[in-house]
Protein chains: 2
Amino acid sequence: MTKVTIKDVAERAGVSTATVSHVINHTRFVSEETRQRVLAAIEALNYQPNAIARGLVTNSTQTIGLLVPDITNPFFTAVARGVEDKINQHGYHTIFCNTDEDPAREDEYLRLLAARQIDGLIVVPTGMRSERLIRLAEGNLPIILLDRETPEVAAPLISVDNESGAYQATQYLIELGHQRIGILAGVETISTMELRVDGYKRALKEAGIPIEESLIVRADSRFNVGPLAAVDLPFIRHPHNQNMPNAFQALKNLLDNEFPPSAIFVTNNQMTLWALHALRESHLRCPEDLSIIGFDDHDWALLSTPPLTVIRQPIYQLGQTAADLLMKLIQQQAVQPPSLFPVELIVRESCQPPRKNSSR
Amino acid sequence: MTKVTIKDVAERAGVSTATVSHVINHTRFVSEETRQRVLAAIEALNYQPNAIARGLVTNSTQTIGLLVPDITNPFFTAVARGVEDKINQHGYHTIFCNTDEDPAREDEYLRLLAARQIDGLIVVPTGMRSERLIRLAEGNLPIILLDRETPEVAAPLISVDNESGAYQATQYLIELGHQRIGILAGVETISTMELRVDGYKRALKEAGIPIEESLIVRADSRFNVGPLAAVDLPFIRHPHNQNMPNAFQALKNLLDNEFPPSAIFVTNNQMTLWALHALRESHLRCPEDLSIIGFDDHDWALLSTPPLTVIRQPIYQLGQTAADLLMKLIQQQAVQPPSLFPVELIVRESCQPPRKNSSR
DNA sequence: CTGTTAGCGCATTCAA
DNA sequence: TTGAATGCGCTAACAG
């Protein structure tokens with residue numbers, strides 16, 4: 001299959017390459033007669049324009065980069081699907097990259113994507129200051145920050161109202177009568193996680209419940225941490241915090257607390273999975289022994305034991321909106337600074353009022 | 001940020017662009033002294049080679065295409081992660097596309113990817129004959145078929161031993177004492193699904209159990225079919241079979257059978273989720289009223305009610321192997337025709353012997 | 001209404 | 001040990 005070029009088409013149609021280019025791109029008027037000749041030649045030779053060559057001259061690749069921590073995490077999967085669906089409607093393509101929350105990987109990917117002349121970038125940053133990302137933004141590469149912020153990068157953020165979601169979750173537990181409420185949080189560099197801690201604290205404060213540091217537990221919030229049950233993904237230690245426990249260990253520690261909580265707010269979907277495992281292994285029951293409310297819903301949350309009460313985020317819509325906004329930036333259209341998406345409390349069966357004899 | 005090119009570097013270093021190119025690519029000897037000058041210039045100007053321009057002349061883009069039905073299906077997500085991890089080790093990038101099992105979308109993506117001069121393609125085909133895919137393969141584009149076959153495309157297939165997996169699943173149910181065993185299968189154009197039906201039939205035959213067509217139920221096996229519980233994905237009808245019921249309806253129909261089965265083999269993860277929902281809505285219990293065995297494991301399968309007995313596939317490894325093989329094809333290395341990966345029966349709690357009074 | 005020409009940024013052949 | 005020159009396939013002035 002020897003490549004057929006615009007030149008071949010031009011020769012066969014007896015016109016110049018310029019004319020062929022123009023009928024393809026509808027970029028100047030061509031008489032109907034020659035237009036048909038060109039079209040016939042294209043058809044006959046089965047000509048496909050070379051997008052790379054075009055990109056070199058138009059200085060655009062119709063390609064965007066999508067940087068996420070781990071596509072395997074259902075949250076980022078749905079986001080990716082939203083991005084791809086929307087970006088595809090504009091004839092663009094998406095290159096996806098997994099950073100595993102590793103600044104070094106993030107940096108390397110950014111370098112490669114820039115070399116590839118992507119037209120835009122949607123990134124869930126690791127949260128560590130990235131010189132390269134800052135420079136890229138300053139260099140006017142269209143960028144959308146997704147889910148999280150990152151230092152010194154001036155780009156629109158598409159995210160959910162995390163603080164409010166956490167506040168709602170915590171308040172719900174308080175309304176049920178809980179006084180000792182724990183929180184399973186992620187690493188401090190992830191802005192989303194910090195906002196969720198903030199919301200948690202605000203709810204407690206408003207209810208006049210003292211904030212107890214021993215009930216605020218940190219864990220590695222990533223999806224592929226530790227030996228999972230069902231998927232043979234590789235185990236990857238946290239890049240900039242090797243000692244960060246996974247949610248399984250973290251929750252076990254919390255339950256070993258002298259005065260363990262009667263309820264816990266878990267700040268992402270994967271940690272919720274792990275927490276449920278930890279509970280089961282401790283022969284404790286949910287919600288009888290411990291109420292659990294998770295952040296981020298999941299198809300299987302309805303079928304787990306017990307069905308999970310969660311804060312649901314409009315994930316797919318997040319991805320679509322990010323892509324929409326990015327396209328506008330690319331096309332140099334004016335964009336409104338985006339507002340935060342609302343979240344929703346989905347009450348199922350993993351929370352109930354605390355026992356009277358509170359120390360189990 | 002005005003682009004700095006190889007020319008700028010050459011000028012600053014006082015050499016020709018050829019020399020700069022050669023120090024970058026280590027493609028001919030350059031004296032240490034000038035090499036250092038060039039390197040210094042690159043550093044000073046913060047020069048990044050333009051991969052598009054390079055691609056135009058080397059006729060390679062270091063990019064592959066990945067076509068899957070729906071990245072949102074955890075099976076394809078893990079595969080995608082495997083592909084990306086491996087492909088990235090070779091400095092390649094992955095463009096991902098969702099076909100939704102739609103031949104038209106598949107065709108359009110293939111066209112665009114070809115125009116983009118991808119160096120290789122990993123595709124989970126819809127199964128409908130694709131003229132374009134056939135021509136691409138004939139045109140010596142390196143292609144790997146993933147999970148499924150497709151007519152007339154001569155390309156290595158990376159897949160699991162589906163027939164054997166289905167056989168094992170069915171045999172397990174038979175050993176438990178089941179005689180009326182149903183199967184929830186997908187559309188007939190998907191080769192994987194047909195192999196699973198084959199394995200199911202073989203197990204029955206060997207056990208001397210007659211095959212009953214009314215127990216073989218077809219459903220739309222896709223992930224984003226119908227209004228899901230947790231994720232706001234759009235509802236998409238089956239492209240070439242608008243009337244195909246989803247697993248929820250299909251299972252309900254099966255349970256309405258005059259002599260319903262005492263056990264059922266569900267042929268993919270998403271249909272298992274739906275089946276569980278259908279059961280719950282019918283106020284039937286698993287495994288007391290109906291034993292269920294699923295194909296493909298899932299992180300949440302362990303936590304569902306009941307914990308699911310499944311056939312587990314090495315998904316991540318599938319993706320990695322496909323990428324490995326594709327790289328070899330791209331590099332024109334010799335490749336062995338791949339063999340099928342074995343699957344594994346994971347016994348949990350969703351199956352038990354049938355009741356004595358078999359008609360509930 | 002259409003053709004000629006000059007690059008886009010780079011790798012590479014041929015000379016030196 | 002290095003440069004000059006050519007062209008990858010295409011678009012976009014500029015001419016006519």
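Proteins get letters first, then strands, A, B, ... in listed order; numbering begins at 1 in each.
- In terms of position on DNA chain D, the residue among A/Arg54 and B/Gly14 whose nearest nucleotide sits closer to the 5' end is B/Gly14.
- Here C/dC8 presents its C1' atom at 18 Å from CD of B/Gln48, a figure rounded to the nearest Å.
- Taking atom NZ of A/Lys3 as the reference point, atom P of D/dG9 lies 9 Å away to the nearest angstrom.
- We find that B/Glu84 and B/Lys86 are not joined by a salt bridge, their nearest charged nitrogen and carboxylate oxygen being 4.0 Å or further apart.
- Contact between the side-chain N/O atoms of A/Thr34 and the OP1/OP2 oxygens of C/dT2 is found at a separation under 4.0 Å.
- Put simply, CZ on A/Arg37 is 11 Å from C1' on C/dT2, counting in whole angstrom units.
- Distance alone, capped at 3.5 Å, places no donor-acceptor pair between the A/Asp102 side chain and the A/Thr99 backbone.
- The residue among A/His22 and B/Lys7 whose nearest nucleotide of DNA chain C is located toward the 5' end is A/His22.
- Taking every side-chain heavy atom of B/Val15 into account, D/dG3 is the closest of C/dA11, D/dG3, D/dC10.
- With rounding to whole Å, B/Phe29 atom CZ is found 19 Å from C/dT12 atom P.
- The base of D/dG9 does not come close enough to the side chain of B/Arg116 for any donor and acceptor atom to sit less than 3.5 Å apart.
- The base of C/dT12 lies outside donor-acceptor range of the side chain of B/Arg28, with no N or O pair under 3.5 Å.
- Look at A/Arg111 and A/Glu131 and you find no salt bridge, because none of the NZ, NE, NH1 or NH2 atoms lies under 4.0 Å from a carboxylate O.
- Heavy atoms of A/Asn59 sit nowhere under 4.0 angstrom from any nucleic acid atom.
- With distances taken from any side-chain atom of A/Ser16 to the nucleotides D/dA4, C/dG3, D/dT11, the minimum falls on C/dG3.
- Within the structure, every side-chain polar atom (N or O) of B/Asn50 is placed at least 4.0 Å from both OP1 and OP2 of C/dC8.
- A salt bridge links A/Arg81 to A/Asp85: at least one charged side-chain nitrogen sits closer than 4.0 Å to a carboxylate oxygen.
- Regarding A/Leu56, its CG atom lies at a distance of 9 Å from the P atom of C/dC10, rounded to whole Å.
- Dashed line: the shortest gap from a side-chain N or O of A/Thr19 to OP1 or OP2 of C/dG3 is under 4.0 Å.
- Here B/Ser21 lies in heavy-atom contact (under 4.0 Å) with a base.
- Considering only side-chain N and O atoms, A/Thr17 lies nowhere under 4.0 angstrom from the phosphate OP1 or OP2 of D/dT11.
- Rounded to whole Å, the distance from CD1 on A/Ile52 to C1' on C/dG9 is 13 Å.
- When the P atom of D/dG7 is taken as reference, atom CD1 of A/Ile6 falls 18 Å away, rounded to whole Å.
- Atom CG of B/Leu45 is separated from atom P of C/dG9 by 14 Å (rounded to the nearest Å).
- Residue A/Ser31 places its side chain closer to C/dC1 than to any other of C/dG9, D/dC10, C/dC1.
- Distance from the side chain of B/Thr5 is smallest for C/dC10 among the nucleotides C/dT4, C/dC10, D/dT11.
- Side chains of B/Ile52 and A/Asn59 form no contact here, defined as non-hydrogen atoms less than 4.5 Å apart.
- The residues B/Asp70 and B/Arg222 are annotated as not salt-bridged, no charged nitrogen and carboxylate oxygen being separated by less than 4.0 angstrom.
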